[in-house]
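It should be emphasised that the depicted structure is a prediction, and the values quoted were computed from it without experimental measurement. One is the number of the first residue; the rest follow in order along the sequence.
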Amino acid sequence: MERYSGFGLLKHSLGYHENWQRLWRNPQPKKKYDVIIVGGGGHGLATAYYLAKEHGITNIAVIEKGYLGGGNTARNTTIVRSNYLWDEAAHLFEHALKLWEGLSQDLNYNVMFSQRGCMNVGHTLQDMRDIERRVNANRLNGIDGEVLDAQQVKEIVPAMDCSQNRRYPVMGASWQPRAGVARHDAVAWGYARGADAMGVDLLQQTEVTGFEMEDGAVVGVKTNRHGVIRADRVGCVTAGHSGVMANMAGFELPVESHPLQALVSEPIKPVIDTVVMSNHVHGYVSQSDKGDLVIGAGIDGYTGYGQRGSYPTIEHTIQAIVEMFPSFSRVRMNRQWGGIVDTTNDASPIISKTPVENLFFNCGWGTGGFKATPGSGHVFAASLAKGEMHELAKPFSMFRFHDGALVDEHGAAGVAH
Ligand code: FAD
Ligand code: PYC
């Protein structure tokens with residue numbers, strides 16, 4: 001694929017953005033594919049990429065109702081970490097983190113993965129007990145983690161108010177040095193470009209409106225623009241709309257869809273060079289390379305499909321941030337947005353076969369799926385290729401809500417859901 005030289009970039013910047021090379025084709029759909037992926041977010045695109053790259057299956061369509069990466073992939077606050085409590089989740093998220101560590105090279109596309117560390121701050125004795133338990137569990141799983149005291153927290157984040165006379169004094173934190181942030185759009189674009197180059201058809205502005213069934217098995221999808229497109233297997237990766245998709249296929253998923261919002265400030269000088277999260281005061285913040293403070297908190301308690309925020313949630317979020325960083329009270333907020341996250345009862349994802357043959361779902365990532373993007377795509381691709389769930393995916397079957405084998409990660413999920 002052609003690469004732009006420095007001169008090329010200069011020429012194009014003066015050329016009113018004309019004649020840029022397209023990153024992927026805009027193909028006409030075929031009548032039938034080996035695999036259809038519904039949902040062109042990071043997870044769907046990563047699935048298509050690994051199916052083509054690692055399993056040699058290239059007769060694939062990714063069907064996206066809007067534009068690629070325009071869902072939660074482009075709306076999240078990009079925190080990447082793997083410090084989950086239970087073995088099942090820790091293995092899955094660490095698998096993803098290892099893929100993150102080589103992703104820019106693998107895609108030959110800079111996803112700006114910055115391992116600047118992530119701390120989860122504790123404000124009570126019980127917080128610290130939970131932190132110690134989780135860090136110990138992480139280390140037993142070979143995942144990097146440390147328990148910091150208040151003094152060490154202050155050394156890493158001098159801007160945080162660690163004085164002990166606060167309403168929520170900082171007692172310490174868990175610290176994962178390999179955690180960090182990445183450029184979310186680039187992740188979608190890198191996977192899309194890579195998949196397209198191997199022959200995957202990326203069909204944008206095409207909504208899946210139903211499933212084509214024969215003898216209780218799915219044999220294709222119905223679309224609003226191209227009629228029925230047939231496929232041997234269909235993988236649904238539609239995040240906040242997964243419940244709607246399951247209803248179209250005739251079953252219910254144990255997920256609820258909630259708005260989750262975030263906001264960014266005006267750019268300021270570098271003040272925080274890591275990621276700070278607090279489950280207790282319930283907010284988190286990092287600083288982008290541009291200088292914006294990237295801020296968020298928990299879901300809106302009401303279910304809904306509106307990709308926007310609500311004032312009570314913004315107020316709560318800002319209270320939490322100012323509690324930890326009083327000096328940020330003078331920073332102006334620039335913009336705010338929301339995405340629709342699909343939450344499960346145990347705050348763990350669903351990567352699963354379904355009651356419908358040949359139909360697989362990858363969803364339920366709630367507030368925390370961005371960090372899993374490469375790992376999720378990798379294990380889902382293997383599951384779709386073989387028709388059997390990958391070992392790392394098996395604990396995340398949708399049927400665990402019948403069996404009771406939950407993977408309760410509410411403590412590690414970071415923001416409430
Ligand atoms: P999406 O990117 O939402 O992709 C799903 C796609 O399916 C969408 O593009 C949608 O248009 C498409 N679709 C839906 N229905 C149809 C249909 N019928 N036909 C065709 N296409 C359809 N996670 C983290 O790990 N770290 C964070 O810091 C973090 N912060 C977050 C902050 C916010 C404000 C939000 C909203 C989420 C955050 N998350 C975070 C969660 C993370 O964004 C998601 O878990 C992850 O991006 C999900 O990726 P996805 O590819 O499954 O979904
Ligand atoms: O899962 O780390 C996370 C997260 C942070 C903000 C939203 N999700």
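Of the options His390, His378, His55, a ring pair (Phe, Tyr, Trp, His ring centres under 6.0 Å) to Tyr50 is made by His378 and by none of the others. The residue from Phe113, Trp100, Trp365 that alone fulfils the ring pair (Phe, Tyr, Trp, His ring centres under 6.0 Å) condition with Phe370 is Trp100.
Between Glu357 and Arg233, none of the side-chain N atoms (NZ, or NE/NH1/NH2) sits under 4.0 Å from a carboxylate O, so this pair counts as no salt bridge. Between Arg225 and Glu207 there is no salt bridge, since no side-chain nitrogen of the basic residue lies less than 4.0 Å from a carboxylate oxygen of the acidic one. Remark: Arg129 does not engage Asp127 in a salt bridge, criterion side-chain N to carboxylate O under 4.0 Å. A salt bridge does not link Arg139 with Glu146: none of the charged nitrogens is closer than 4.0 Å to a carboxylate oxygen. Comment: Asp196 does not engage Arg22 in a salt bridge, judged by the lack of any side-chain N to carboxylate O separation of less than 4.0 angstrom. The pair Lys394-Glu391 meets the salt-bridge criterion, with a side-chain N (NZ, NE, NH1 or NH2) lying under 4.0 Å from an Asp/Glu carboxylate O.
Of the N and O atoms on the side chains of Asp201 and Tyr33, at least one donor lies less than 3.5 Å from an acceptor on the other residue.
Rounded to the nearest 0.5 Å, atoms CZ (Arg116) and OG (Ser286) are 6.5 Å apart. The structure places CD of Gln205 at 13.0 Å from CD1 of Ile63, a figure rounded to the nearest 0.5 Å.
Annotation for Arg166: atom CZ counts as buried by contact number, over 12 foreign heavy atoms lying within 6.0 Å.
Taking the six-membered ring for Trp and the full ring otherwise, the centers of Trp86 and Phe93 sit at least 6.0 Å from each other. Between His91 and Tyr84, the distance from one ring center to the other does not fall under 6.0 angstrom. Taking the six-membered ring for Trp and the full ring otherwise, Phe396 and Phe380 have centroids separated by 6.0 Å or more.
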